[in-house]
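Data first, discussion second: the structure below is written as structure tokens.
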Amino acid sequence: MEEIQSQSDHYRSSSSSASSPASRVPSSNFFYLRKPGAFRQPISFEDSPDWEDTDIEVKVEEGGADSINTATAPVSPSLSKINSGSLASPPLPEGANVARKTAGASIAWKDLTVTIKGKRKYSDKVVKSSNGYAFPGTMTVIMGPAKSGKSTLLRALAGRLPDSARTYGEVFINGVKSHLPYGAYGFVERESTLIGSLTVREYLYYSALLQLPGFIYKKRSAVEDAIHAMSLGDYANKLIGGHCYMKGLRSGERRRVTIARELVMRPHILFIDEPLYHLDSVSALLMMVTLKKLASTGCTLIFTIYQSSTEVFGLFDRICLLSNGNTLFFGETLACLQHFSNAGFPCPIMQSPSDHFLRAINTDFDRIIAMCKNWQIIKADIGVFMPLVDDHGELSSVNMDTAVAIRTLEATYKSSADAAAVETMILKLTDKEGPLLRSKGRASCAIKIAILTWRSLLIMSREWKYYWLRLIIYMFLALCIGTVFSGLGHSLSSVGTRVGAIFLFVSFTSLLSIAGVPAQLKDIKIFICEEANRHSGTLVFLIGQLLSSIPFLFLLSISSSLVFYFLVGLRDDFSLLVYFALNFFTCLLVNEGLVLLVASICQNTFWSIIILINIHMVMMLSAGLFRIRSALPRVVWMYPTSYIAFHTYSIQGLLENEYSGTSFAVGQVRSLSGYQALQNVYDVSVDSSSKWENLLILFLMALGYRLLVFVLLQFRVRKALFPHCVSCCSNNTNNPR
């Protein structure tokens, strides 16, 4: 404690310009102005919502120039004093209507500790004994430097931690110790995958169809409400963009679309991980004003944030400040300034409060100070001007040890009236049970499959780069191979050349399927994003993906087969042409399954393409053209590679289709059957039904690859990202909650 006290005294003496906030405010408009002594008042119990009166009252006075009112329970006297000098929200347009009212829910957490094995080098505890709460109609922000436990705490509250995590403590929803049911909350990831070929309204509408049961008009109403709530009316009919589109929505609008997707369910609580991620200052302010308007409808907002501007900071209601998993403060946003001042670290004039907080608790600044000291030693020699460094080699006004500052702030908070008020508030919230949140209905699996199929077909029709360009390339390749091998005739000498033409057609077109890797990876990312919030399902995704790919693959197979079949001059029989196209279609179906499997394993474009090229190379070598299958080395190449290669069954079926029932004259007396003519060129079966057996094997392989994808997504991706309920208790035991 002597070290802490001496460090605090040293900081006070070196920051003479950073006196208490109230004495430094030059104007009453400065956002953290508060009446003298107001900072020391604890949080009032009047902040607690009244469960008997759950109606949310939202008021927007005529004229539209007033600040956005918080739709919540009675406001505490201390918060009223803060609002008297807070930053006014931008005016609403004349005649504007506030979004649909939402029945929010309170959430409180007590002694919440999260451990993740291997997450930290020095400790498995990512969040340590955190206490806090959030009310309807308010915005509660979890702030801290990188790796402070912000996202982990947010996921713990939402029940979305990975299986490797263990949670200890209690989480109460409306005073009830329970998990959040489906539809009662929304969770927005830091990075979400959007569908660039859809407009904003289309994207949200398909999302509503996947999430909501009931009639179409209700879903359209939910979509329009979400568009209005996130101020997306001007962008509703614009393409989201990305991928093969040069233009699209900017990062701010795209971020609001991801939030609007969760608002379709009209959740009681909305969790957002870094809503200002990759946003500039203007987009960040617009985002927070929009969220403030959303909170005014009664929704409970909890989100993480790394850093904010002064204007954005003035919009927060409560702040939970974390560092290395420790709670350094929880309470009203402006009271945090007084907390830092009481601990000996007042916020200097003309500095953003969030910048000041992070400067005090971010250990990365110690390295910067050390670098500045080194530069200070040699700056006279090299003539470098260091405006941030004073004559003592210190950063001006921040010459403190970060570890000492963290311990000072933590110790000051634990002994403060704010910490006691938080504990008392949690006791009051949990003393009386409120309305129990119920799970909302979902769309049936059949409807989800139909929606995903139709949506994928719409995407295919618009994304020319991944689909229509592939069709042109396939036809061009078929044209090239067909013209090279045209005019072969039907003599015995043309058998070997014809086998080579069919082998090249099957092998090269199969190799071109690798061009679909980006599209498959995008589908997987969209599935992961939707499955995270239980909008979809593994089986639903795979069936929808299969059904939507059939028309496109059928178009590919018909167009390419017709070009190749007639240019090479295969047998003029309609039934043989139908089998050729069906065999090639099934081959493409197997290829799509293989690409989907590799993309699911790698989830990276570069490595997926490299692995697929090598797989196709090995399959082509063992398919039987370069060396007949019976002569291949039995270990590895014949067993099992030649039996795994789909090229083998496709080419065998096509050759049996072409030469079954044919004969070639040798001299004037002797003749050879088609099987005998192929005997020294390629292994085929003498059985007339063998080509249908090969076709059946291809169908089974197509289903087998998708079955492997199902298992992989169910037990690998799902296990990592979509956890089940984790154990949680109040006495640091492993009993489930």
Side-chain angles (χ1 to χ4, degrees), residues 41-51 54 56 70-79 82 103-114 127-144 149-150 152-159 167-180 184-185 267-272 295 298-305 316-322 327-336 339 413-414 416-437 728 730 737:
Q41 297 178 5
I43 300 172
S44 172
F45 294 152
E46 295 181 9
D47 283 341
S48 178
D50 186 3
W51 299 127
T54 58
I56 306 300
T70 303
T72 183
V75 183
S76 67
S78 58
L79 189 57
I82 296 175
S106 74
I107 180 171
W109 59 98
K110 181 180 179 183
D111 295 329
L112 191 61
T113 299
V114 181
V127 177
K128 307 169 186 176
S129 300
S130 177
N131 295 322
Y133 55 88
F135 290 146
T138 63
M139 296 197 306
T140 302
V141 58
I142 304 173
M143 183 181 289
K150 303 186 301 295
T152 302
L153 177 57
L154 190 74
R155 291 179 178 276
L157 297 177
T167 305
Y168 307 93
E170 297 172 313
V171 177
F172 299 88
I173 310 297
N174 282 349
V176 181
K177 187 178 176 181
S178 63
H179 293 284
L180 288 166
Y185 77 101
H268 302 285
I269 305 175
L270 182 61
F271 301 94
I272 311 176
C299 184
T300 305
L301 268 66
I302 305 176
F303 52 87
T304 64
I305 197 169
F316 303 150
D317 293 303
R318 289 181 181 84
I319 180 173
C320 178
L321 192 61
L322 297 179
T327 302
L328 304 186
F329 179 81
F330 182 90
E332 296 173 356
T333 306
L334 301 185
C336 190
H339 169 64
Y413 172 67
K414 287 182 178 180
S416 66
D418 285 324
V422 170
E423 294 180 0
T424 309
M425 177 64 72
I426 293 174
L427 289 176
K428 184 176 181 183
L429 287 174
T430 57
D431 182 59
K432 187 177 181 181
E433 294 186 358
L436 188 65
L437 300 183
C728 181
S730 59
R737 284 201 303 203

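For clarity, every value in this text was computed on a predicted model and none was experimentally measured.
- Annotation: side chain of Leu180 is in contact with side chain of Leu437 (closest heavy-atom distance under 4.5 Å).
- Interatomic distance, CG of Leu429 versus OG of Ser106, reported as 5.0 Å (0.5 Å rounding).
- Separating the CZ atom in Arg318 from the CD1 atom in Ile142 is a distance of 13.5 Å, to the nearest 0.5 Å.
- Taking 4.5 Å as the limit, every side-chain heavy atom of Thr430 sits out of range of all side-chain heavy atoms of Lys110.
- Contact annotation: the side chain of Leu112 approaches that of Leu157 to within less than 4.5 Å [non-hydrogen atoms, C-beta and beyond].
- Proximity of a side-chain donor or acceptor of Asp317 to a complementary backbone N or O of Met139 within less than 3.5 Å is detected.
- Across every non-hydrogen atom of Thr152 and Val114, the tightest pair is CG2-CG1, 3.6 Å.
- Nearest heavy-atom pair across Gly175 and Glu433 is O-CG, 3.9 Å.
- A donor-acceptor pair under 3.5 Å is formed between the side chain of Asn174 and the backbone N or O of Pro435.
- With Cys299 as the partner, the side chain to side chain contact (heavy atoms under 4.5 Å, CB included) test is satisfied by one option alone out of Thr138, Leu270, Ile269: Leu270.
- If you take CH2 on Trp109 and CD1 on Ile302, they are separated by 5.0 Å, rounding to the nearest 0.5 Å.
- Within the model, atoms CG of Leu328 and CG of Leu322 stand 7.5 Å from one another, a figure rounded to the nearest 0.5 Å.
- Judged as a side chain to side chain donor-acceptor pair (under 3.5 Å), and not counting sequence neighbours, Thr300 has no contacts.
- Taking every heavy atom of both residues into account, Cys336 and Leu321 meet most closely at SG-CD2, 4.4 Å.
- Atom SG of Cys320 is separated from atom CG of Asn131 by 9.5 Å, given to the nearest 0.5 angstrom.
- The CD atom of Glu332 sits 8.0 Å away from the CG atom of Asp418 when rounded to the nearest 0.5 Å.
- Every residue two or more places apart in sequence or in another chain that forms a side chain to side chain contact (heavy atoms under 4.5 Å, CB included) with Ala158 is listed here: Arg160, Tyr185, Phe187, Phe271.
- Phe303 meets the ring pair (Phe, Tyr, Trp, His ring centres under 6.0 Å) test with Phe316; sequence neighbours excluded.
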Begin with the C-alpha distance, continue with both residues' side-chain angles, and end with the deciding distance and a verdict on ring-ring contact (aromatic ring centres under 6.0 Å, His included) for Phe330 and Tyr133. CA-CA 9 Å; Phe330 182 90; Tyr133 55 88; 5.2 Å; yes
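- Using a 4.5 Å heavy-atom threshold, the side chains of Ile272 and Thr304 count as separate.
- When every heavy atom of Ser130 is checked against every heavy atom of Thr327, the shortest pair comes out as OG-OG1, 3.5 Å.
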